[in-house]
J.: 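Sharing a structure, written as structure tokens. Questions coming.
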Amino acid sequence: MSEEKRTEIGELGEFGLIDRIKEKFKVSNESTIMGIGDDAAVLEVTDKLTLLSTDMLVEGVHFDLSYMPLQHLGYKAVSVNVSDIAAMNGVPKQITVNLGLSNRFSVEAVEALYEGIQFACQDYKIDLVGGDTTASSSGLIISVSIVGEVTKNKVVYRNSAEENDILCVTGDLGAAYLGLQVLEREKEVFKANPEMQPELGLYEYLVKRQLKPKARMDIIHELAELEIIPTSMIDISDGLVSEVFHICKQSDLGVAIFEEKLPIDQETYNAAADFKVDPTTCALNGGEDYELLFTISQSDFEKVKNHAEISMIGYMDKKEKGRNLVSKNQNVIALQAQGWKHF
Ligand code: ADP
Ligand code: MG
């Protein structure tokens, strides 16, 4: 936390703090009738479907403030929620933010957190319409709830993939996981020798992927322009394999993924070599990429085949065929989900 100015939250009081937050946030969505300031936010219900989702981030479990700047944490807390709305093929509209704050946190620290939340609200065109603020006896807890909307016939679930559908993924995989490894390693170096400045420059992209993930709303808008409605979709928070298993289980299908088709950034390859881990394993099981994993019917193949940000990595198969990885040397290996274990 910044050493500069420190205002205790007690000096402003909870309401003073909320007023400061409220001042900085302007409402931009038509569906936001009343934002921060009354007992409840008021939203205009449309003829669309309303999406509602929540994600909670807990210090020491989901983030470590020794390398997570508060602005980034605010941005990330919003992004992970937007990603869930994107995964339903929806558009985010409003969020509420619940905070558990220990007395380690000053007013300036809370403002830094909200700066990141504000950046995210601008990027994703969403309104902050409320929240709750409470004391926490241990670490920082930040829980964001999000409201989104989707046209009735465009909502996409996990359970509607069909045999022979093409499995697609956006962006690249494994970078956020390796970014975390870089940050953890530098933290150890830093602990051992406080004079040492962390060397993050080499892996700038990976670290950014870990600290400031961006939800793929760009893809949701492009799919709409291309008139593609995925047959199923999920966002990748726990790793590709774990997510594809959700689609398989809920759609009652098997899957084949081609190792050579996995999108992996050059920096991810470099860091994987550095950390002596297999880049394919990072792409398959690394968490927190917040990319979209979706299936499309074969008839949409032409529309996505040249898209720079969409990789076709496999296809949905009969359940009896199992869930397999076809390796670069054509071995068929059963996929193993490792997931992201906090417990
Ligand atoms: P109540 O006691 O009725 O729950 P609060 O005093 O907690 O009301 O909140 C007053 C207003 O400020 C409400 O609109 C609430 O949603 C909003 N609010 C409270 N905490 C936060 C926060 N951390 N971020 C954004 N808005 C908040
Ligand atoms: Mg309250």
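Atoms within each ligand, like the ligands themselves, are counted from 1 in listed order. Throughout, numbering of the chain's residues begins at 1 and tracks the sequence.
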J.: Any idea which of Ile18, Asp39, Leu17 brings a heavy atom closest to atom 3 (O) of ligand 1?
T.: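 Closest candidate by heavy-atom distance is Asp39.
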
J.: Using the test salt bridge (charged side-chain N to carboxylate O under 4.0 Å, His left out), find all partners of Glu222 that sit at least two apart in sequence or belong to another chain.
T.: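 For Glu222, no residue satisfies salt bridge (charged side-chain N to carboxylate O under 4.0 Å, His left out) once neighbours in sequence are set aside.
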
J.: Closer than 4.0 angstrom: is that true for some heavy atom of Phe25 and an atom of ligand 1?
T.: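 It does not; every heavy atom stays at 4.0 Å or beyond.
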
J.: Under a 4.0 angstrom heavy-atom cut-off, which atoms of ligand 1 come close to Phe15?
T.: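 Checking each atom against Phe15, I get 6 (O).
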
J.: With atom 26 (N) of ligand 1 as the reference point, say which of Ser143, Gly130, Gly100 has the nearest heavy atom.
T.: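 Minimum heavy-atom distance to atom 26 (N) of ligand 1 goes to Gly130.
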
J.: Could you tell me whether Gly35 and ligand 1 have an N or O pair separated by under 3.5 Å?
T.: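 So ligand 1 has no N or O lying under 3.5 Å from an N or O of Gly35.
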
J.: Crowded around Glu163 CD? As in, over 12 foreign heavy atoms under 6.0 Å?
T.: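 Yes, because the 6.0 Å sphere around CD of Glu163 holds more than 12 heavy atoms from other groups.
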
J.: Are more than 12 heavy atoms, taken from residues, nucleotides or ligands other than Glu8, located less than 6.0 Å from that residue's CD atom?
T.: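 Yes.
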
J.: Using a strict 4.0 Å cut-off to heavy atoms of Val97, name the atoms of ligand 1 that fall inside it.
T.: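 So the atoms of ligand 1 that pass are 22 (C), 23 (N), 24 (N).
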
J.: Could you note down all residue pairs passing side-chain hydrogen bond (donor to acceptor under 3.5 Å, both in side chains) where residues 246-256 supplies at least one of them, sequence neighbours left out?
T.: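 Sorted result for residues 246-256: Asp252-Lys319.
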
J.: Which atoms from ligand 1 have a heavy atom of Glu14 less than 4.0 Å away?
T.: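 Close to Glu14: 7 (O).
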
J.: Please identify which atoms of ligand 1 are closer than 4.0 Å to at least one heavy atom of Asp38.
T.: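 In order of numbering, the contacting atoms are 13 (C), 14 (O).
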
J.: Within the structure, does Ile21 bring an N/O atom to less than 3.5 angstrom of an N/O atom in ligand 1?
T.: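 Among all N and O atoms of Ile21, none is under 3.5 Å from an N or O of ligand 1.
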
J.: Suppose I only count heavy atoms of Ile36 and a 4.0 Å limit; which atoms of ligand 1 are within that range?
T.: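 Counting from 1, the qualifying ligand atoms are 12 (O), 14 (O), 17 (C), 25 (C), 26 (N).
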
J.: For the residue pair Lys214 and Tyr124, would you count it as a cation-pi contact if the rule is NZ or CZ under 6.0 angstrom from the ring centre and within 45 degrees of the ring axis?
T.: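 Yes, a cation-pi geometry.
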
J.: Between Glu184 and Tyr67, does any side-chain donor sit less than 3.5 Å from a side-chain acceptor?
T.: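 Side chains of Glu184 and Tyr67: pair found under 3.5 Å.
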
J.: Verify salt bridge (charged side-chain N to carboxylate O under 4.0 Å, His left out) between Arg104 and Glu59, making sure each step is shown before the conclusion.
T.: CA-CA 13 Å; Arg104 274 165 47 227; Glu59 183 178 354; 3.0 Å; yes

